Novice: 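This is the structure I want to talk about, given as structure tokens.
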2 protein chains.
Amino acid sequence: MEFDAKTPIYYQIEQYINREIIIGHLRPGAQVPAVRQLAITLTVNVNTIQRALANLIGAGILVPERGKGNFVTTDQKVLGKMKQSMIEGEFKALYDHLAALELSPEEMTTAFAQYVQTQQGGERHE
Amino acid sequence: MEFDAKTPIYYQIEQYINREIIIGHLRPGAQVPAVRQLAITLTVNVNTIQRALANLIGAGILVPERGKGNFVTTDQKVLGKMKQSMIEGEFKALYDHLAALELSPEEMTTAFAQYVQTQQGGERHE
DNA sequence: ACTAGTGTACTATTTATCTATTACACTAAG
DNA sequence: CTTAGTGTAATAGATAAATAGTACACTAGT
């Protein structure tokens, strides 16, 4: 996996797992891959995985069972809040930065719409 | 100034100065505030300011003149590229994350438009 | 019991970031 | 020439993030 060098890896892993849950690759009640397996998959140290999972456990998103593994919570309230704050966070980051560039709300939406357009046709991956 | 704890301060200062240039608070040829002054204003160490400025100088956005100060370049080509990459970078971050959430392009634009709407009425700052 | 697969804990080491402090070099004004 | 204002360099120390490696604890299947 590719990481942004300017943000902590453990944090990026938290986001990644959250996304996997939102998408449905990890369903409520499902077991998260073993820490040692995740470490290999994400080419990262076990301790870094552990730190990310610890945060997710603290947030109630994952539920640990010693000797068995970590499992996605079945608490829909927790999952709903997580999804909400994930998306809101993404939007807020862009909104704040564009606001700092003194773009009007209309300019923001149209500019972003235009960008999405450019990504449509030109999705070349080499 | 407020900094995000999860990204290097020097990098956030680079972005901040870029935005000041884009907005027009710092015009081409204008002198950037003195490093010691910036350190006080941004409540940050001089070395951190220096590191940010060094990167901007390396990018050709700022031009240093020993004993006099740092000045915004008058090279419109450089400034144009900077502005372009700043905005593109913002858009790309949101686009990639929403794509990871498997949103369609239409959903992205409408969802962001809706978010901007919510920011319209509710801009309470207390 | 044994074993393989889980999570968990701990220490040590490296690297990047940030701070603090001091010193030096150049420019312009008096 | 002196001084105040600039940038610049260099050292030392503190903290956070990530790695490496080892060890321990619990669970389930044999």
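This one's a predicted model, so the numbers in the text were calculated from it and none came from an experiment. Chain letters run A, B, ... following the sequence lines, proteins first, then strands; residues in each count from 1.
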Novice: Among dC18(C), dA20(C), dG7(C), which nucleotide sits nearest the side chain of Pro8(B)?
Specialist: dC18(C)
Novice: What is the distance from CD1 of Ile9(A) to C1' of dT15(C), rounded to the nearest Å?
Specialist: 12 Å
Novice: Is it the case that the base of dG7(C) and the side chain of Arg36(A) share a donor-acceptor contact (distance under 3.5 Å, atom types as modelled)?
Specialist: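 Under the 3.5 Å cut-off, the side chain and the base do form a donor-acceptor pair.
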Novice: Determine the contact category for Asn47(A): base if any of its heavy atoms lies under 4.0 Å from a base atom, sugar-phosphate if only primed atoms, P, OP1 or OP2 are that close, otherwise nothing.
Specialist: base
Novice: When you match Arg66(B) and Ala5(B) each to their closest nucleotide on DNA chain D, which lands nearer the 5' end?
Specialist: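 Its nucleotide being nearer the 5' end, the pick is Arg66(B).
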Novice: In whole angstroms, how far is the P atom of dC10(C) from the CZ atom of Arg51(A)?
Specialist: 16 Å
Novice: Could you tell me the separation between the CD atom of Glu14(B) and the C1' atom of dT17(C), rounded to a whole number of Å?
Specialist: 13 Å
Novice: Would you mind classifying the nucleic acid contact of Val44(B) as base, sugar-phosphate or nothing, using non-hydrogen atoms under 4.0 angstrom?
Specialist: sugar-phosphate
Novice: Can a side chain N or O of Asn70(B) be found less than 4.0 Å away from OP1 or OP2 on dT6(D)?
Specialist: no
Novice: Tell me whether the OP1 or OP2 atom of dT19(D) has a side-chain N or O from Thr48(A) closer than 4.0 Å.
Specialist: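 For Thr48(A), the contact criterion (side-chain N or O under 4.0 Å from OP1 or OP2 of dT19(D)) is met.
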Novice: Between Lys6(B) (NZ) and dC18(C) (P), how many Å, whole number?
Specialist: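 Between P of dC18(C) and NZ of Lys6(B): 15 Å.
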Novice: Where the side chain of Pro64(A) is concerned, which of dT8(C), dT19(C), dT6(D) is the nearest nucleotide?
Specialist: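 Of the candidates, dT8(C) comes closest.
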Novice: Which distance, rounded to the nearest 0.5 Å, do you find between the CG of Leu26(B) and the CG of Asn18(B)?
Specialist: 10.0 Å
Novice: Round to a whole Å and report the spacing from OH of Tyr11(A) to P of dA17(D).
Specialist: 13 Å
Novice: Below the 4.0 Å mark, does dG7(C) have OP1 or OP2 next to a side-chain nitrogen or oxygen of Lys68(A)?
Specialist: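 Answer is no, no contact under 4.0 Å.
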Novice: Ala34(A) has a side chain; which of dT8(D), dG7(C), dT19(D) sits nearest to it?
Specialist: dG7(C)
Novice: To the nearest 0.5 Å, tell me how far Asn45(A) CG sits from Arg36(A) CZ.
Specialist: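 Nearest 0.5 Å value for the CG-CZ distance: 11.5 Å.
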Novice: Would you say Phe3(A) has more than 12 foreign heavy atoms packed within less than 6.0 Å of its CZ?
Specialist: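 Check passes, neighbour count above 12.
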Novice: Between P on dT6(D) and CG on Leu38(B), what's the gap in Å once rounded to a whole number?
Specialist: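 Leu38(B) atom CG is separated from dT6(D) atom P by 11 Å.
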Novice: Should the ring pair Tyr95(A) and Tyr115(B) be called parallel, tilted or perpendicular, given that the plane angle runs from 0 to 90° and is split at 30 and 60?
Specialist: perpendicular
Novice: Rounded to the nearest angstrom, tell me the gap between atom OH in Tyr10(A) and atom C1' in dT19(D).
Specialist: 16 Å
Novice: Hey, which sits more toward the 5' end of DNA chain C by its nearest nucleotide, Val46(A) or Glu65(B)?
Specialist: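 Closer to the 5' end of DNA chain C: Val46(A).
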Novice: Over how many whole Å does the gap from Gln50(B) atom CD to dT21(C) atom P extend?
Specialist: 18 Å
Novice: Check this for me: Phe71(B), atom CZ, are more than 12 non-hydrogen atoms of other residues, nucleotides or ligands nearer than 6.0 Å?
Specialist: yes
